[in-house]
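Let me begin by presenting the structure, written as structure tokens, before commenting on it.
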Amino acid sequence: MKPYVKVALFVVLIIAVSGILYALILYNKKHPDTSKVKPDFIITAAALQKEFEDAEAAASAKYIKKILEVSGSVSSVTQADSNNVNISLKSGNDLSSVICTFATADPSKFKAGDEITIRGECSGFLMDVLLNNCAIVQKRK
Amino acid sequence: MKRFFLLFIFLIIVLSVNAQKYMTKNGYIGFFSHTSTEDIKGDNNQVAGILDISTGEMVFQALIKSFHFDRALMEEHFNENYMESDKFPKSIFKGKISDLSSVDFTKPGTYDVTVDGDLTIHDVTNKISAKGSIEVVNGGINASSKFKIVPEDYKIAIPGVVRDKIDKNLELTITMKYTPIAGK
């Protein structure tokens, strides 16, 4: 075999292996660990809810898929299904809140009235602002 | 405008306070599809729903982006390639329990029901009918159902390479835990 054929084969092999590796990495990619990532926005639950209520389209464009660090007072803690817990944070509007879904049972120790800070990925606005993939940042007294 | 309309409806519901209406904002919708390579499973725990026990009317609303998948890539494909959630962010069901008389809301127990209505996914609305159950419990009402839909009915295109691998039917599981609307 001529040396340049060997080199060419080697290059092809490297490209193929890295292609497969890259595909595997993409395929197995996890969701960002919101307890560690830097938030795109830091905001209170009341201000966030108000922004969506006043101008949903603009707020959607600004916040959806971004990591938000939201602080507020817990209005309810609900054991949702499939091992998820929802925490609602009070806003200025009694009919609407910020609902944060956690994939762990850990937040179930919180109760209404607790002041907490949560980091999560914004999914948008239904009747409330919805955050997914949430993590507790800290509990404030 | 649409949101104010919804808020308006919601306000009317809240203002006409009586124990006839139940709601939840923490409802669950899951979907499941079996393929030859792996199972596709998405969970949404942020479903809003209202149930009027005097008429049997039910409304569900969910954000597509609230569906969560174990694999980040699957979630991305679900949103971008299949559901186009930037264009069609919400899914809505409006319907009615067709055999309401079979449920005694004053007596705790589990009752089998059939719900008929319009399901809107991906901006396509279809009439559906699903069997489910209503469980009357202390302080609330639980509703659950499991039924199948066909993605093609909602103009959700499945690429040729994977079409044969994905089951034509998609199984939806719905679990709602309603509480009376505050004020009683």
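Within every chain, numbering begins at 1; the chains are lettered A, B, ... in the order of the sequence lines, protein sequences first and strands thereafter. Remember, it's a predicted structure, so these values are computed and weren't measured experimentally. Just so you know, these numbers use all the heavy atoms, side chains as well, and skip hydrogens, waters and symmetry mates.
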- Counting heavy-atom pairs under 4.5 angstrom with chain A, the leader among B/T175, B/L73, B/N26 is B/N26

- Item | Cluster check B/I149, B/Y82: I/L/V/M/F/W/Y, side chain < 4.5 angstrom | yes

- Query: With a 4.5 Å heavy-atom cut-off, do B/K65 and A/L130 have their side chains touching?
  - Reply: no

- For chain B, which residues of residues 26-50 of chain A have heavy atoms nearer than 4.5 angstrom: A/L26, A/Y27, A/N28, A/K29, A/K30, A/H31

- Query: Non-hydrogen atoms of chain A under 4.5 Å away: do they reach the side chain of B/N79, the backbone, both or neither?
  - Reply: neither

- Any side-chain donor near an acceptor of the partner, A/N132 and B/Q46, under 3.5 Å: yes

- Query: Given that the side chain runs from C-beta out, which part of B/S66 has a heavy atom under 4.5 Å from chain A: side chain, backbone, both or neither?
  - Reply: both

- Answer yes if B/I156 and B/I128 sit in the same cluster of Ile, Leu, Val, Met, Phe, Trp and Tyr residues linked by side chain heavy atoms under 4.5 Å apart, and no otherwise. yes

- Does CG in B/D70 sit with more than 12 non-hydrogen atoms of other residues, nucleotides or ligands closer than 6.0 Å? no

- Message: Using 0.5 Å steps for rounding, measure from the NZ atom of B/K25 to the OG atom of A/S76.
- Response: 9.0 Å

- Same cluster (ILVMFWY, side-chain, under 4.5 Å), A/I99 and B/V59: no

- At a heavy-atom separation under 4.5 Å, does A/L131 approach chain B through its side chain, its backbone, both, or neither? backbone

- One should read off an interatomic distance between A/M127 CE and B/L63 CG, to the nearest 0.5 angstrom, of 10.5 Å

- Query: Would B/M58 and B/F147 show up in the same hydrophobic cluster when neighbours are defined by side-chain heavy atoms closer than 4.5 Å?
  - Reply: yes

- Item | Under 3.5 Å: donor-acceptor pair, side chain of A/N84, backbone of B/N45 | no

- Item | Transitive ILVMFWY side-chain link B/I141 to B/V137, under 4.5 Å | no

- Task: Could you look at A/T78 and say if it's the side chain, the backbone, both or neither that has a heavy atom under 4.5 Å from chain B?
- Result: side chain

